[in-house]
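See structure below.
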Amino acid sequence: MPNTSRCDNFAHRGIVRHVEPVVGLRERTRLAVRGELVAVALELFLSQGFEGTTVEQIATSAGLSRRSFHRYFASKDDVLAQALRASGDKIAAELAGRPSGETPWTALRHAFDPLVAWMTTDAQSLALTRIMLESSALQSGHTQKQESWREVVAAALAPRLTHLDESARQLEADALSGSAIACLMAALATWLGDDGQQALGRLLNLAMSAVAPLDDR
């Protein structure tokens, strides 16, 4: 069975999601194994680098064969993509829970707060973020990752834009979400370039304020 303590360790970072109790036993098992593989892979990526980690090592560390690994993921790139998708889902969920009185732009800024808090407090966040954003082997998937985040965040933002008709609402939600994520990426690039010495929250405030005012910053 999967090592749930390892999954929980990464789940609190917003990287591996807890298994939802509403699905059937078979699906819960599948999600638990996927979560375990993601957690194992991230630990290996941190200890020996993304390029230095093989599918065989991930599978062996999780107690699976290579063949079993491929029942859940096509490649190690796919494992990391799953971790990134989970982060996007967490941002969207945070946005959906923000107070209705906040402006869309301010709500977007607050939706990043849990991610910023993790990166500020977790000792491994800098190294893990560097792997995710700077690995040469992952550059081709960087655009797809931002697009997947934009889609889920825009879907959470659209219900706030009640003053617009449906087509305009979707367009504005896409534009605002894409802009906010671009600001996050810019802030992360500066943060990584300075080896985490600057406060990420302040960098994100500066980036987003450069695009539009933030009500409470």
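The figures here come from the full heavy-atom set of this structure, side chains too, leaving out hydrogens, waters and symmetry mates. Values in this document were obtained by computation on a predicted structure and should not be read as measured data.
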Test side-chain hydrogen bond (donor to acceptor under 3.5 Å, both in side chains) applied to Arg150 - qualifying residues, sequence neighbours left out: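 If we apply the side-chain hydrogen bond (donor to acceptor under 3.5 Å, both in side chains) test to Arg150, skipping adjacent residues, the hits are Glu147, Asp174.
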Is there side-chain contact between [X] and [Y], with heavy atoms separated by less than 4.5 Å?
X      : Y      : value
Val38  : Phe73  : yes
Asp194 : Leu203 : no
Met119 : Leu188 : yes
Ile91  : Leu95  : no
Leu80  : Lys76  : no

Determine yes or no for a side-chain-to-main-chain donor-acceptor pair under 3.5 angstrom, with [X] supplying the side chain and [Y] the backbone.
X      : Y      : result
Trp191 : Leu204 : no
Ser61  : Val40  : no
Arg98  : Ala111 : no

Separation of Leu171 CG from Arg169 CZ (nearest 0.5 Å):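 Separation between the atoms: 12.0 Å.
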Short N-O contact, Arg34 and Asp78, less than 4.0 angstrom: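 Between Asp78 and Arg34 there is no salt bridge, as every charged N stays at least 4.0 Å from the carboxylate O atoms.
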Test applied, side-chain hydrogen bond (donor to acceptor under 3.5 Å, both in side chains); reference residue, Trp118; option that passes from Asp122, Thr121, Thr120: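 With Trp118 as partner, Asp122, Thr121, Thr120 yield a single side-chain hydrogen bond (donor to acceptor under 3.5 Å, both in side chains), made by Asp122.
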Atom of Leu44, atom of Thr53 and distance for their closest heavy-atom approach: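 Taking Leu44 first and Thr53 second, the nearest heavy atoms are O-OG1, 3.5 Å.
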Nearest heavy-atom neighbours spanning Ser148 and Arg85: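 Nearest heavy atoms, Ser148 then Arg85: OG-CG, 4.4 Å.
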Pairs meeting criterion ring pair (Phe, Tyr, Trp, His ring centres under 6.0 Å) with involvement of residues 144-180, two or more places apart: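 Matches after skipping sequence neighbours: none remain.
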